Amino acid sequence: MGQRPQSSHRRTTQPFVDFNPIEFESLIEQHGAVVLYERAAVCGCRNADGVDQPAVGCPTCGGSGFAYWGASIERAIIQALDLDQNTQMAWGSWSSGTAKLTFMSSVLPSFRDRLTVLDSLFQFSETVPATTAAPLPLRYWIGSRRDVMDVGVVPEIPRGESVGARAEALVAAMATATATSVERDVLYARGYTGATRSQLLVRGQDFEVADGRMRLVGAGAWERVSVVYVTHPRYTVTSFNHGARDRWLANGTLARLPVAMMGKLDFLPSESPGYV
């Protein structure tokens, strides 16, 4: 193991143009983003009926066909970020995005591994069934960040008001705003019942947020809740450079090179909700 086959045609210099692996891994360690890396495994529910299809409602994979194990904290250089938002589709808005992530050579990638970038935050919006018996079944953990912002009391303005009236109300509210340190996790919540009844939900009165989860606590009998919250972007590995990137050097040693992989934002209907 580890010995390169001998050849009478071996070169005395390095036969390729590439970076210095040691220096590159040092760059990843010093400047890479913190990533929660979860390994994918095919779920056993895919073979339960002999057709290799995931079972809807499987308690292990949530119907995605993949379970996750071996979570670890890694660092990665993130490049080539891309986000495509299509708002003209017949069934509403659709978002897709990709990124290239380069990890240390010790990382062994696999198709459908899950990468959560803990150093980044973005907004995510969804509507879920309302329940007070358990935390709301949001797709992702709720992240948080603290910012100093100008905070004022902005009244809820009816949809029938003109744009000018809405702008004037906002300007008036912000005229008396004060700089305040604000915890930003759940940015907006509204409860709905039927097709006509809805109401903005107030933190501490209608809901609470703790340990990345949102729970309804008020007496309002809502059927569903629309939520806008802060979370960490999560990617699913779609392609990667495996052992073919490793190189034999002129001195006869095998150099393990950093592993680059492409990830796709997992806004996919087949993905299981939340963290399994």
Side-chain angles (χ1 to χ4, degrees), residues 36 38 56-57 59 62-64 68 83-87 89 91-97 114-147 149-159 166 170 173 180-236 264-276:
L36 173 65
E38 299 171 278
V56 176
S64 70
Y68 290 91
L83 178 62
D84 178 28
Q85 293 184 309
N86 189 339
T87 59
M89 304 185 78
W91 52 86
S93 178
W94 184 266
S95 298
S96 62
R114 201 159 61 181
L115 319 172
T116 303
V117 184
L118 301 181
D119 280 347
S120 298
L121 290 167
F122 72 144
Q123 290 183 193
F124 189 75
S125 175
E126 61 179 312
T127 298
V128 295
T131 175
T132 56
L136 293 178
L138 298 177
R139 184 185 184 97
Y140 301 108
W141 283 100
I142 300 173
S144 67
R145 60 183 289 177
R146 183 168 290 278
D147 294 316
M149 305 177 63
D150 288 334
V151 178
V153 178
V154 181
E156 184 173 1
I157 305 170
R159 288 178 57 88
R166 297 166 67 89
L170 179 59
T180 306
S181 179
V182 178
E183 185 76 18
R184 306 176 72 187
D185 41 29
V186 172
L187 308 178
Y188 167 92
R190 179 181 285 271
Y192 291 84
T193 299
T196 58
R197 180 172 176 253
S198 72
Q199 178 180 314
L200 281 175
L201 304 184
V202 179
R203 185 182 188 130
Q205 174 181 314
D206 302 303
F207 70 90
E208 295 176 346
V209 179
D211 299 325
R213 298 297 191 185
M214 176 179 175
R215 182 186 293 270
L216 298 180
V217 296
W222 308 111
E223 295 177 354
R224 57 196 184 280
V225 180
S226 173
V227 186
V228 179
Y229 58 98
V230 172
T231 189
H232 303 285
R234 192 170 72 186
Y235 295 88
T236 299
K264 179 177 176 59
L265 278 174
D266 67 353
F267 298 162
L268 304 173
S270 64
E271 287 294 330
S272 57
Y275 284 64
V276 177

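All figures in this text were calculated on a predicted structure; none of them were measured in a lab.
Under a 4.0 Å N-O distance rule, the pair Asp185/Arg213 does not qualify as a salt bridge.
Annotation: side chain of Val225 is in contact with side chain of Leu216 (closest heavy-atom distance under 4.5 Å).
Atom CZ of Arg234 and atom CZ of Phe122 lie 9.5 Å apart (nearest 0.5 Å). How far CG of Leu187 is from CZ of Arg184: 6.0 Å, rounded to the nearest 0.5 Å. In this structure, CG on Leu200 lies 5.5 Å from OH on Tyr188, to the nearest 0.5 angstrom. Between Lys264 atom NZ and Leu115 atom CG the span is 14.0 Å, to the nearest 0.5 Å. Annotation: the span from Leu265 atom CG to Phe124 atom CZ amounts to 10.0 Å, rounded to 0.5 Å.
Here the closest non-hydrogen pair linking Val228 and Ser125 is CG2-OG, 3.8 Å. The two residues Arg215 and Pro135 make their nearest non-hydrogen contact at NH2-CD, 3.3 Å. Nearest heavy atom pair, residue Gly194 against residue Glu223, reads N-OE1, 3.1 Å. Heavy atoms only, all atoms of each residue included: Leu136 and Pro129 are closest at CD2-O, 3.7 Å. Nearest heavy-atom pair, Thr193 versus Ala221, reported as atom, atom and distance to 0.1 Å: OG1-O, 3.0 Å. Between Phe207 and Val217, the shortest heavy-atom contact is N-CG2, 3.6 Å.
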Determine whether Val186 and Ile142 satisfy the following criterion, side-chain contact (heavy atoms from CB on, under 4.5 Å), listing intermediate values before the conclusion.
CA-CA 7 Å; Val186 172; Ile142 300 173; 3.8 Å; yes
Go through the steps for Val117 and Tyr235 under the test side-chain contact (heavy atoms from CB on, under 4.5 Å), then give the verdict.
CA-CA 8 Å; Val117 184; Tyr235 295 88; 4.0 Å; yes
Worked verdict on Arg139 versus Tyr229 for side-chain contact (heavy atoms from CB on, under 4.5 Å):
CA-CA 11 Å; Arg139 184 185 184 97; Tyr229 58 98; 4.2 Å; yes
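Without hydrogens or angle criteria, Thr127 side chain to Arg224 main chain gives no donor-acceptor distance under 3.5 Å. When atom types are taken as modelled, the side chain of His232 and the backbone of Thr116 share no donor-acceptor pair closer than 3.5 angstrom. Put simply, the side chain of Glu126 never gets that close to the backbone of Val227: no donor and acceptor are under 3.5 Å apart.
Geometrically, Arg190 does not engage Trp222 in a cation-pi contact defined by less than 6.0 Å to the ring centre and at most 45° from the axis.
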